[in-house]
Structures are given as structure tokens and as C-alpha cells.
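Please read the structure below before turning to the comments.
To find a chain, count down the sequence lines: A is the first, B the second, and so on, and within it residues start at 1.
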Amino acid sequence: MDPLFLARVQFAATTIFHFFFVPLSIGLVFMVAIMETMYVVKKNELYKKMAKFWGHLFLINFAVGVVTGIIQEFQFGMNWSDYSRFVGDVFGAPLAIEALLAFFMESTFIGLWIFGWDRLSKKVHLACIWLVSLGTTLSAIWILTANSFMQVPVGFAMKNGRAEMNDFLALITNGQLLVEFPHVFTGALCTAAFFVAGICGYNLLKKRHIAFYKKSMKLAIIIGLIGSIGVALTGHTQAQYLVKTQPMKMAAAEGIWKDTADPAPWSLFALIDTKKQENKFELNIPYALSFLSYSKFEGSLKGMETLQKEYTEKYDSIVGEGTNYIPPVKTTYWSFRLMVGFGAAMILLSIIGLILWKRDRLVASSTFLKFLVPAIAFPYLANTFGWLMTEIGRQPWSVFGLMTTADAVSPNVPAGMVLFSTIIYLVVFTILLGVMVYLIIREIKKGPEEVQGIDDKLSTDPFKVGA
Amino acid sequence: MELSELWFVLIAVVFIGFFFLEGFDFGVGMSTRFVAKNQTERSVMVNTIGPFWDANEVWLLTGGGAIFAAFPHWYATMFSGYYLPLFAALLCLIARGVSFEFRRKIKNERWTNIWDWVIFISSLLPPFLLGVLFTSMLKGMPIQKDMNMQPGFTDFINVYSLWGGVTVTILCFLHGLHFLTLKTDGEIRSRSASLAKKVALAALGALAIFVVLSWIMTDIFTVHLVPELALVVLIVLAYALAYYFVSKKREGLAFTMSGLGLAFTVSAIFVGLFPRVMISSINKAFDLTVYNASSGAYSLKIMTIVAVTILPFVLGYTVWSYYIFRKRVTDKEHLTY
């Protein structure tokens with residue numbers, strides 16, 4: 001087998017898997033921090049119980065998220081060494097800063113938070129969880145700085161046969177980062193909100209710990225509402241930015257082969273034939289794509305045929321003649337639609353939740369509660385499809401306009417090694433996921449009552465005389 | 001001093017930090033099978049490193065990130081060339097990271113025992129693998145003109161690199177035992193102390209052989225004779241004092257000495273490499289050096305500003321967290337892990 005293909009499979013598999021855990025960590029620790037804040041401000045023990053119970057679930061998820069993340073830092077060097085040589089001067093910096101600024105913060109303060117319930121004052125303990133939340137968010141910002149460079153490379157010059165950084169400020173104010181980070185962060189809020197809401201829904205159906213789960217549900221509805229509306233709005237700005245910076249990805253995401261009419265309709269459904277480069281059947285919503293792309297009901301978009309010609313003129317000198325600049329169209333197209341679909345469902349559910357809450361029917365409405373359990377999967381699916389669109393839609397590039405994915409792979413690593421490591425990763429990850437889901441279900445069954453406190457009154461101080 | 005030289009020093013400092021800190025939690029993980037007599041004792045031991053191990057591991061990630069940012073060619077050559085050992089180390093870190101969190105999530109002896117074995121193995125192997133990696137780097141790897149290598153089995157695994165791996169593992173083990181004498185009480189504390197005395201002697205023996213092997217198999221004593229000899233003296237002194245202090249029940253000083261011993265050992269490796277970062281066994285001209293493997297001046301300048309700004313905060317809150325958890329851990333309290 002081809003080492004390039006295998007390295008891509010490994011990257012896709014490990015990043016998708018890693019990103020099952022990341023958004024929940026970012027969103028849930030933020031919610032736990034709010035719960036603990038409520039506890040410190042209102043001095044209501046119920047909030048402490050909430051912080052501890054949801055904090056427990058956060059920790060199980062966080063552990064898996066952290067360990068599956070370590071791979072990413074090794075992987076660029078192991079499977080993509082030519083990529084690392086070519087962009088390391090620019091791309092390495094955000095990764096190093098992420099470790100220095102974010103990883104130290106989250107790992108130190110999570111230790112203080114877990115073991116410090118009785119050793120720290122309430123306010124200091126609260127500060128710890130907020131610092132963990134800040135750490136996870138900073139981590140997202142820096143890794144997205146790196147990813148944004150791959151989508152829209154800025155702040156560099158070609159020197160010594162590689163990309164060298166010449167403007168750090170441009171790198172961290174990359175327009176792509178400014179639209180990508182809010183989208184990822186609000187997506188993370190959705191993930192946590194629907195995770196909490198689903199578990200609340202299940203328990204409220206069974207009429208267990210009603211006060212506890214009802215209060216948790218209310219917070220989930222607020223966060224879900226902010227998150228799902230936010231993710232749509234930021235998605236809209238991202239689409240507008242996409243038209244300007246990576247028109248080919250946009251054209252593929254819309255299945256546009258020939259330039260559109262003005263105003264452009266949004267394709268709801270299409271049967272795409274990539275061989276003949278045409279759509280056999282289309283169901284369109286008029287005006288909608290113009291609005292999505294330009295926030296007004298006029299303007300056309302270039303099709304893939306035109307763009308292929310433009311890209312050929314612009315980039316063939318860099319990557320060689322006869323390059324196909326069209327990404328896998330069907331995957332990009334359907335990933336986009338599925339992401340938007342699950343996103344829309346999340347907005348709808350959040351609004352229904354709000355209405356039921358205002359009518360005081362949260363516990364009574366069993367249909368809604370039942371629906372919340374499978375809805376836990378919605379943000380996971382939306383996150384995954386969003387990244388599929390972003391990364392597959394960028395192909396054939398690894399760094400847009402600079403380096404193709406084919407040129408990025410390690411030239412010295414045999415296919416067998418990549419295959420072997422991929423298989424082992426998948427086995428290990430499957431075990432981890434299984435154990436994690438099992439443990440989370442157990443914790444949920446145990447319920448909030450059994451969450452223990454930490455009693456360390458009997459431990460001794462080694463610095464005391466005679467200890 | 002050029003910025004690329006400064007970054008070589010900074011990366012050495014990060015790896016010293018890593019071995020000084022994660023060194024002891026690897027050692028505690030190893031000790032669970034040599035010191036603890038039952039699961040309760042293992043729990044106490046695991047809980048001594050509970051609040052710290054995760055942040056300690058970040059030193060390794062920071063080291064990797066710093067190599068990527070400051071020396072992209074070093075990062076690319078090393079990570080793609082050492083594919084299997086790094087893959088194995090990675091699997092250990094993955095397994096280790098979840099096992100602390102998972103081990104007592106179910107109160108069942110068999111369940112906990114499985115994860116405790118995971119902790120033991122994944123604490124034993126990474127220092128060994130990193131020792132193999134660093135010592136085989138000193139000996140030289142088959143790096144080609146294009147900076148890539150496709151090493152064969154004997155390039156990683158030979159007498160020298162295996163002994164390097166064993167030595168680093170013993171040093172971490174000793175450091176962990178000292179940490180346990182400092183953070184536990186009663187039986188575990190005294191058992192750790194008496195085992196530490198034996199392991200300190202083993203460490204001195206292993207180091208002596210390692211120095212001789214280095215003299216024969218590498219050029220580090222020809223390239224930097226005086227500094228390397230000075231470091232060897234310091235290393236021997238540190239471990240001799242560690243033995244002395246643990247015998248005199250001066251646990252804090254013993255721990256400091258095994259930490260310094262690790263710090264000097266890592267320094268000896270980095271001094272031996274300098275100015276090379278990866279030595280080619282094929283041709284001297286193919287060596288990767290701090291000059292031909294580094295990032296550009298602008299990138300290094302930015303990274304220097306960032307590191308100098310952030311590192312004091314990191315050190316500050318790290319020290320504070322050790323202060324907060326300064327008490328000895330016993331089974332009379334609630335154990336979180």
C-alpha cells in the first residue's frame with residue numbers, strides 16, 4: 001500500500017478520534033466552572049454537587065482527550081517529516097507555545113482542582129477550574145492558529161527553500177483564525193450542553209434526582225442556545241471568508257461545477273457525478289447561497305471548472321503541470337450539509353427547551369426528554385463533518401497554495417510501519433472509547449449522591465518536626 | 001551567543017526539567033511493584049504523584065514542541081527516523097495517562113490491578129526508550145545527505161544504547177524511591193529508603209560502565225573533554241551524596257541529589273552532542289547541527305520572547321502546587337486515585 005494513503009488514514013483517524021473528546025472537554029469544564037461559581041456566590045450545596053458530578057464526567061473524558069492529543073504532536077514529525085521541514089519555522093511556534101502556555105496551565109490546575117477541594121479556599125479552588133477552562137481554550141486558539149496557517153498561509157516568506165516566519169502578528173491575527181476559533185468554541189459549548197442535556201433528559205424521564213437534573217438542564221439549555229446560535233452565526237462568517245480565500249473548497253462544498261447565476265441558489269440536495277463533472281439532479285433554495293456568501297441577495301460564485309483553470313495558471317509552476325485542484329466533491333458537499341443539518345436541529349431543540357422551561361414543563365414533557373438522549377450525538381456529528389469539510393475540502397493542499405499533501409509525507413518511513421501503527425492506534429482507541437463510555441454510564445447510574453468529597457485531615461506534614 | 005545556540009540550551013533545560021520531574025513519577029510507577037506489598041500501599045504511592053504527573057509530562061511535550069519550532073530539521077529527522085521507539089513510548093504515555101484516572105473508578109480489586117500493571121509497565125518503558133533514543137543519538141545514526149535516515153535494528157538497539165536505556169531507567173527509579181521517602185510515612189517510607197540505598201549503588205555501577213562505553217563508542221570525550229569530565233565528576237558526586245543522605249535519613253537532600261544527578265546526566269548528553277543535534281554515522285558532513293537545522297532568526301527571536309515571558313509563570317505555579325500538596329500521603333485519608 002501507498003505510505004501517503006496510509007499516513008492520511010492515520011491522520012484522519014487519530015484527529016477525528018481526538019476531536020471526539022476535545023470539544024466536550026472545552027465546553028464541559030466551562031460549564032463546571034459556571035456551576036462552581038454559582039456555588040461560591042450563592043452558597044447553595046446543590047451547585048457544589050453539580051460541579052462535582054459533572055466534573056467527574058469531565059475528568060474521565062479529559063484524560064482520554066489528553067492522551068489522544070499527544071499523538072498529534074508526534075505525528076507531524078513521524079508521518080509528515082517533509083511537511084515539518086518545509087513549514088516548521090512557522091508552524092512549530094504555535095505548537096510550542098500551546099504546550100508552554102496552555103498545557104502547563106491546564107495540567108497543573110486540574111491537579112490542584114482534583115486534589116484540592118479541602119486544601120484550598122473556596123475562591124482559590126474556583127480560580128483553579130477557571131484556569132483549567134482558560135487553558136483548554138488557549139490550547140484551542142494555538143492549535144487553530146497552526147491549522148489556520150494551513151488554510152490561509154500568512155506571516156511568512158519563502159526563504160532557503162522553505163516557509164519562514166516574518167510576521168508573528170499576522171500569524172495570530174490571521175483572518176481564518178478569527179472566524180475559525182469562535183466557530184470551534186461555540187461548537188464546543190454545544191457539545192457540552194447536549195451532553196449534559198441528554199443525561200439530564202434520561203434521568204428526568206426516570207424521575208431520579210429531579211432537582212439536581214432540572215437545574216443542570218436549565219444551564220444546558222442556556223449554554224445550548226448560546227452555542228447553537230453562535231455556531232450558526234460564526235459558521236456564516238466563516239463561509240463568507242471561505243469564498244474569498246479558498247473558493248475551490250466553497251465550490252466543492254456547494255457542488256458548483258459551472259459559475260452560478262446571479263443571485264446564486266443554495267443546493268439542498270444534489271446527485272453529483274464527479275466523473276462527468278455535473279449534477280444529475282438538484283434541489284435548490286433560490287437566493288440562499290448569495291446570502292450565505294455575501295450577506296446580500298445578489299452575487300454569483302465561481303464554479304470548479306473556472307477555478308481549475310485559474311488555479312492551473314497560478315499554481316502549476318509550484319506543484320507541477322496537470323495537477324487536479326478539485327477536492328473530493330461528494331465528501332465535501334455532504335459533510336457541509338450534514339454539519340448544517342445537525343446544527344439546525346440543535347438550534348431547534350434549544351429553543352424548544354427554552355419554551356418548555358418558561359412554561360415549567362421541562363420534567364413533564366417526556367417526548368422532548370426522550371429526544372435529548374440521541375441528540376447527544378448531534379454536536380459530535382456536526383463537529384466531525386465540519387472538520388471533514390475543512391480538511392478534505394482543502395485537498396490536494398496540505399498548506400493552501402504552498403505544498404501539496406503528497407509532497408508533505410515522510411519519504412523515509414515504509415508503508416508497513418504506518419499501517420502497523422495505524423492498526424495499533426485504532427485498537428487502543430477502541431478500547432479507550434469502550435472503557436470511557438462504560439465508566440461514564442456507570443457514573444451516571446451511580447448518580448450525583450455518591451460523589452465523594454476528599455477528607456485529608458489525617459495526613460501529616462513532612463516538614464513538621466518529628467514527622 | 002547565537003539564538004540557535006540559546007535554543008539548544010533551552011531545549012536541554014526543558015529535558016532536564018522533564019527528567020527531574022517526570023523522572024520521579026516514572027520511578028514511583030516502577031516502585032509500585034518493588035516497594036508496595038498490597039493494593040492499598042500501591043494506592044498511597046500512586047496518590048503521591050496524583051496532582052503532579054500530568055504537568056510533569058508536559059515538559060516532554062514542550063521539549064518536542066520546542067524542537068519542532070526551533071529546529072524543524074532535527075524534529076523531522078528524529079521523529080521520522082525513530083519511528084518505532086517513539087511509537088512505543090507514545091503508546092505507554094497514552095496508557096499511563098488514563099490508568100491513573102481509571103484505576104479506582106470501579107472499586108474492584110481485579111480492575112484496579114489491571115490498571116496498576118499498566119502504570120508499572122508504562123512507567124518502566126518510557127525512560128528506557130528515551131534512554132535508548134538519546135544514547136543512540138550520541139553514537140550516531142545513519143543520516144543521509146538529504147537529512148533523512150532509515151535506521152536498521154542495530155542502529156537503535158546495540159550494547160551502548162541498551163545500556164543507556166537501562167541506566168536512565170535506574171536513575172529514574174532511584175529518584176522515585178527518594179520521592180516516596182519524602183511523601184509517604186511508616187512502612188512504605190522505610191522500605192523505599194532501604195531499597196534506595198541498594199539502587200544508588202546500582203546506579204553508580206551502571207553509570208561507571210556507561211562512561212566507559214561512551215569513551216569507546218562515542219566521540220563526546222574527544223570533542224568536549226574538560227566539560228564532560230567535570231560532568232562525570234559531578235554525576236558521581238551527586239549519586240554518592242544521594243547514598244549518604246538517604247542513609248542519614250536526610251530525605252529532602254537525597255531527593256535533591258538524585259535530581260541533580262539526572263540533571264547532570266542530561267547535561268552530559270547535550271554537551272556531548274553540541275554543536276550537533278543529530279550525529280550522522282555515515283559522514284560528518286551530514287551531521288545536523290544547531291546551525292543547519294534551526295529555524296530562521298526571526299522565528300527564534302519571537303520564540304525567545306514568548307518563552308522568557310511565560311516560563312517564570314509556569315515555574316511559579318508549579319512550585320506553588322508542590323507547596324499546596326506538601327503533606328505526606330497515607331492510607332488514613334481519602335485517596336482520590
Side-chain angles (χ1 to χ4, degrees), chain A residues 59-60 63-64 66-68 70-71 73-74 76-78 81 84-85 88-90 92-93 95-101 103-104 107-108 110-112 114-116 119-120 159 164-166 168 410-413 417 421 424 428 432 435 439 442 452 454-463 467, chain B residues 50-52 54-55 57-58 61-62 64-66 68-70 72-73 75-81 83-84 86-87 90-91 93-95 97-98 101-102 105-106 148-150 182-183 185 295-296 298-299 302-303 306-307 310-311 314 317-318 321 324-330 332-334 336:
Chain A
L59 288 174
I60 296 171
V64 184
V66 167
V67 299
T68 52
I70 310 174
I71 295 179
E73 198 174 325
F74 283 56
F76 293 112
M78 289 169 79
S81 68
S84 305
R85 288 183 205 283
D89 196 293
V90 195
L95 294 196
I97 298 172
E98 185 189 16
L100 207 54
L101 188 65
F103 292 169
F104 273 121
S107 59
T108 306
I110 198 69
L112 282 156
I114 300 170
F115 288 83
R119 273 169 238 219
L120 299 167
K159 228 168 125 184
E164 292 198 358
M165 196 200 296
N166 68 2
F168 183 65
S410 296
N412 55 327
V413 176
M417 213 116 89
S421 56
I424 304 279
V428 170
L432 284 185
V435 172
L439 286 178
R442 263 183 70 101
Q452 282 177 307
I454 296 159
D455 175 21
D456 69 332
K457 289 177 188 81
L458 293 166
S459 71
T460 52
D461 185 342
F463 293 99
Chain B
F52 310 126
D54 192 3
E57 194 177 286
V58 173
L61 301 183
T62 305
F68 195 176
H73 290 299
Y75 173 77
T77 302
M78 180 162 81
F79 279 70
S80 64
Y83 203 94
L84 282 180
L86 284 173
F87 171 65
L90 203 52
L91 285 181
L93 296 181
I94 290 171
V98 293
E101 183 64 34
F102 288 175
K105 273 283 167 305
I106 297 175
N148 282 314
M149 61 172 174
Q150 265 187 306
L182 206 56
K183 297 291 291 185
D185 220 340
S295 286
Y298 178 84
S299 188
I302 293 291
M303 286 300 298
V306 171
I310 302 173
L311 213 51
V314 172
Y317 60 64
T318 302
S321 90
I324 293 293
F325 301 110
R326 65 194 176 281
K327 287 180 181 175
R328 290 181 189 274
V329 178
T330 70
K332 293 183 191 69
E333 66 191 278
H334 168 75
T336 307

Candidate pair A/Arg119 and B/Glu333, rule salt bridge (Lys or Arg N to Asp or Glu O under 4.0 Å), full reasoning = CA-CA 13 Å; A/Arg119 273 169 238 219; B/Glu333 66 191 278; 3.6 Å; yes
The reported gap from CD1 in A/Ile97 to OG1 in B/Thr62 (rounded to nearest 0.5 angstrom) is 11.5 Å
Measure the spacing between NZ of B/Lys183 and CZ of B/Arg328 and express it to the nearest 0.5 Å.
-> 8.5 Å
For chain B, find which of A/Gly111, A/Ala93, A/Ala63, A/Gly77 contributes the most heavy-atom pairs closer than 4.5 angstrom.
-> A/Gly77
Using non-hydrogen atoms only, which part of B/Leu311 is less than 4.5 Å away from chain A: side chain, backbone, both, or neither?
-> side chain
Answer key: most heavy-atom pairs under 4.5 Å with chain A among B/Val58, B/Ile324, B/Leu84 is B/Val58
Atom pair CG/CZ of A/Leu112 and B/Phe325 - distance to nearest 0.5 Å = 4.5 Å
OH (B/Tyr298) and CD (A/Glu164) are apart, to the nearest 0.5 Å, by 12.5 Å
Once you round to the nearest 0.5 Å, how far does CG of A/Asp89 lie from CE of B/Met303?
-> 10.5 Å
Scored by heavy-atom pairs under 4.5 Å with chain A, the best of B/Asp54, B/Leu86, B/Ile106 is B/Ile106
Ranked by heavy-atom pairs below 4.5 Å to chain A, first place among B/Thr77, B/Thr318, B/Leu93 goes to B/Thr77
Is the backbone of A/Phe104 close enough, under 3.5 Å, to the side chain of A/Ser107 for a donor and an acceptor to pair up by distance?
-> yes
Check each atom of B/Ile310 against the heavy atoms of chain A and say whether the ones under 4.5 Å are side chain, backbone, both or neither.
-> side chain
Hey, which of A/Ile71, A/Val66, A/Val64 has the most heavy atom pairs under 4.5 Å with chain B?
-> A/Ile71
Which atoms of A/Leu59 approach chain B - backbone, side chain, both or neither, heavy atom under 4.5 Å = both
Drop me the distance from A/Phe115's CZ to B/Thr336's OG1, to the nearest 0.5 angstrom.
-> 4.5 Å
Give a yes or no on whether the backbone of B/Gly296 and the side-chain of A/Lys159 come within a donor-acceptor separation of less than 3.5 Å.
-> no
Heavy-atom pair count under 4.5 Å with chain A, highest-scoring of B/Tyr75, B/Phe52, B/Phe79, B/Tyr83 = B/Tyr83
Taking the side chain as every heavy atom from C-beta outward, state whether A/Asn412 and A/Ser81 have any pair of such atoms under 4.5 Å apart.
-> yes
Any side-chain heavy-atom pair of A/Arg85 and B/Asn148 under 4.5 Å | yes
Between B/Ile302 and chain A, which part of the residue has a heavy atom less than 4.5 Å away: side chain, backbone, both or neither?
-> side chain
Checking B/Leu90 against chain A: side chain, backbone, both or neither under 4.5 Å from a heavy atom?
-> side chain
Among B/Ala76, B/Ser295, B/Ser80, single out the residue with the greatest number of heavy-atom pairs under 4.5 Å to chain A.
-> B/Ser80
Okay, B/Val314 and chain A: the region with an atom under 4.5 Å from a heavy atom over there is side chain
Chain B heavy atoms under 4.5 Å from A/Ser410: which part of the residue, side chain, backbone, both or neither?
-> side chain
B/Ala95, part contacting chain A, at a heavy-atom distance under 4.5 Å | neither
Which of the residues A/Leu95, A/Leu101, A/Ile110 is involved in the greatest number of heavy-atom pairs with chain B at under 4.5 angstrom?
-> A/Leu101
Answer with side chain, backbone, both or neither: which region of A/Val428 has an atom nearer than 4.5 Å to a non-hydrogen atom of chain B?
-> side chain
Per-residue contact mode, A/Glu73 against chain B (heavy atom under 4.5 angstrom) | both
